[in-house]
Every structure is written in structure tokens, then in C-alpha cells.
Amino acid sequence: MSRLAAGVVLVTACEPSLDADDPQAPVGEDVGMTATAFLSVSLDPPLVLVSLREGSRMDDLLAEQPLWGVSVLSESQRHIAGRFAMKGRISDRLLFEDIPYTRGETSGAPLIGGALATLECRTEQTVTAGDHTLVIGRVLSAALPSADGGPLTYFKGKYRQLG
């Protein structure tokens with residue numbers, strides 16, 4: 001499968017508050033994960049799919065948080081993809097620290113500035129598939145924040161540029 005080129009996205013979500021009934025309770029942390037197994041499933045209704053390693057932090061989070069975001073990374077955002085793909089990485093809060101982003105109006109998820117496209121999604125269905133969870137999300141909003149550059153791709157174990 002390393003011979004199949006794939007686009008690279010950053011999947012993001014915000015952990016729910018520790019106590020939804022208490023407005024003074026701390027807000028949850030932002031979480032991000034680089035994914036190359038992401039695709040469009042349907043145009044009507046608009047559905048996308050992302051594959052998450054079972055038991056990963058994002059898999060656990062999306063099991064309780066139905067709203068999430070996707071940023072389609074450009075070729076100039078390789079450093080972002082690498083940062084959120086690290087195993088044993090530091091706190092996600094620190095990973096977002098110097099990356100420009102806005103909060104999705106619907107999901108509250110961080111949407112990366114300069115991405116080729118951003119989506120806000122709500123989980124419609126999950127499917128266990130081997131050691132992964134396939135999360136199918138309904139697209140609630142879509143935007144094209146940047147038209148600059150080409151897509152970041154992943155091929156033969158490395159991030160690449162087209163052309």
C-alpha cells in the first residue's frame with residue numbers, strides 16, 4: 001500500500017468540557033492527528049471517511065465527541081503533518097501553539113490557516129475494521145481558505161509534492 005499516493009489531512013477536535021453543566025469548568029484540550037486514509041464517500045448527503053488507529057487518542061476522543069474538523073494540507077505544510085504524526089509526542093496544546101488556526105463555528109475544532117480546504121464534520125457512523133476504526137462524518141461546512149500551492153501527498157513512506 002506504500003505505492004498508493006495519498007493526500008494528507010489534519011483531523012482535529014476539541015475535547016468536551018470536564019463538566020458540561022458548569023460554565024466555570026475547564027474547557028477540554030485541542031487534539032490533532034495527521035491522516036492519509038481520508039476520502040470522500042458521498043456527495044448527497046456530503047460524507048467523508050477517516051481511518052483511525054483503534055485505541056489512539058483521536059479514536060477515543062471521537063467516540064465521545066461527535067464534532068470534528070479536517071484541514072487539507074498544502075505542500076508548504078509538511079512540518080504540520082510531521083508534527084502531528086509523531087509518536088510519543090508532547091502535549092497537543094503545545095503542538096498548536098505556533099500554528100495559525102481558526103475555530104470552526106460549528107465544531108469548535110481548530111482549522112489550520114493556509115490549508116487548501118477545511119471541513120467541519122459530525123460523526124454519522126463508525127465501523128470497526130481490523131485494528132482501525134472507520135469514522136464516517138457528515139460535512140456540515142466546507143471552506144477554501146487558500147488557493148496557494150499544491151497538495152501535500154504521502155508516497156512510499158515520505159511526504160511529497162506533486163510534479
Side-chain angles (χ1 to χ4, degrees), residues 6-42 45-74 77-146 152 154 159:
V8 182
V9 302
L10 186 68
V11 179
T12 55
C14 184
E15 289 179 320
S17 171
L18 298 176
D19 184 354
D21 296 329
D22 180 3
Q24 301 301 320
V27 177
E29 187 172 86
D30 292 326
V31 177
M33 180 200 89
T34 301
T36 57
F38 176 80
L39 57 103
S40 171
V41 173
S42 168
L47 300 173
V48 294
L49 178 146
V50 65
S51 179
L52 308 174
R53 185 175 40 82
E54 193 172 79
S56 67
R57 184 162 185 207
M58 188 62 72
D59 183 40
D60 292 343
L61 176 56
L62 293 190
E64 65 179 85
Q65 167 59 282
L67 298 172
W68 42 283
V70 176
S71 298
V72 178
L73 299 180
S74 72
Q77 295 176 315
R78 178 186 304 220
H79 65 288
I80 295 172
R83 180 183 292 192
F84 284 90
M86 289 187 301
K87 295 201 185 325
R89 63 189 194 216
I90 58 175
S91 160
D92 281 20
R93 180 180 50 79
L94 297 174
L95 295 178
F96 281 104
E97 200 167 75
D98 63 345
I99 295 174
Y101 67 87
T102 59
R103 287 219 175 266
E105 290 182 24
T106 304
S107 67
L111 301 172
I112 304 304
L116 295 178
T118 58
L119 307 171
E120 290 186 272
C121 304
R122 181 185 66 238
T123 300
E124 291 276 310
Q125 182 180 1
T126 60
V127 178
T128 301
D131 61 357
H132 278 66
T133 302
L134 306 179
V135 179
I136 299 169
R138 180 179 295 258
V139 177
L140 303 173
S141 71
L144 303 172
S146 176
L152 181 61
Y154 193 73
Y159 296 114

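Here the structure is a predicted model, which means the values were calculated and not measured. We're numbering straight along the sequence, starting at 1.
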Check Trp68 against Gly137 and note the closest heavy-atom contact, atom names and distance. CZ2-CA, 3.7 Å

Contact between Tyr154 and Thr34 at the side-chain level, heavy atoms closer than 4.5 Å - yes or no? no

Minimum heavy-atom separation for Ala6 to Thr36, with atom names? CB-O, 3.4 Å

Keeping the roles fixed (side chain from Glu120, backbone from Ser107), state whether a donor-acceptor pair exists under 3.5 Å. yes

Counting only heavy atoms not in Glu105 (residues, nucleotides, ligands), do more than 12 fall under 6.0 Å from its CD? no

Between Leu61 and Pro16, is any pair of side-chain heavy atoms under 4.5 Å apart? yes

Just how far is it from atom CD of Glu15 to atom CG of Asp60, taken to the nearest 0.5 Å? 10.0 Å

Partners passing salt bridge (charged side-chain N to carboxylate O under 4.0 Å, His left out) against Glu54 (at least two apart in sequence or in another chain): none

Among residues at least two apart in sequence or on other chains, which ones pass side chain to side chain donor-acceptor pair (under 3.5 Å) with Asp98? Arg83

Taking all non-hydrogen atoms of both residues, which atom of Val70 and which atom of Val9 are closest, and how far apart? CG1-CB, 3.8 Å

Do Leu140 and Leu67 come within less than 4.5 Å of each other through their side chains, counting heavy atoms only? yes

How far does CG of Leu134 sit from OG1 of Thr128, to the nearest 0.5 angstrom? 8.0 Å

Of all heavy-atom pairs linking Phe38 and Leu119, the shortest is CZ-CD1, 3.8 Å

Atom pair NE2/CG of His79 and Leu152 - distance to nearest 0.5 Å: 10.5 Å

Might you point out which heavy atoms bring Arg138 and Pro45 nearest each other, and give the distance in Å? NH1-CB, 3.2 Å

Can you give me the closest heavy-atom contact between Gly114 and Ser74, atom names plus distance? O-OG, 4.0 Å

Between Gln77 and Leu116, is there a side-chain heavy-atom distance shorter than 4.5 Å? no

Less than 4.5 Å apart, side chain to side chain, heavy atoms only: is that true for Met86 and Leu95? yes

Hey, what do you get for OG1 (Thr126) to CG (Leu49), rounding to the nearest 0.5 Å? 10.5 Å

Quick check: do Tyr101 and Asp30 have side-chain heavy atoms less than 4.5 Å from each other? yes

Return yes if some donor-acceptor pair links the side-chain N/O of Gln65 with the main-chain N/O of Cys14 below 3.5 Å, else return no. yes

Rounded to the nearest 0.5 Å, how far does SG of Cys121 lie from CD1 of Ile136? 12.0 Å

Just verifying a value: how many Å separate Ser56 OG and Asp131 CG, rounded to the nearest 0.5 Å? 10.5 Å

So do the side chains of Ile99 and Phe84 get within less than 4.5 Å of each other, counting heavy atoms only? yes

Between Thr12 (side chain only) and Pro110 (backbone N and O only), is there a donor and an acceptor less than 3.5 Å apart? yes

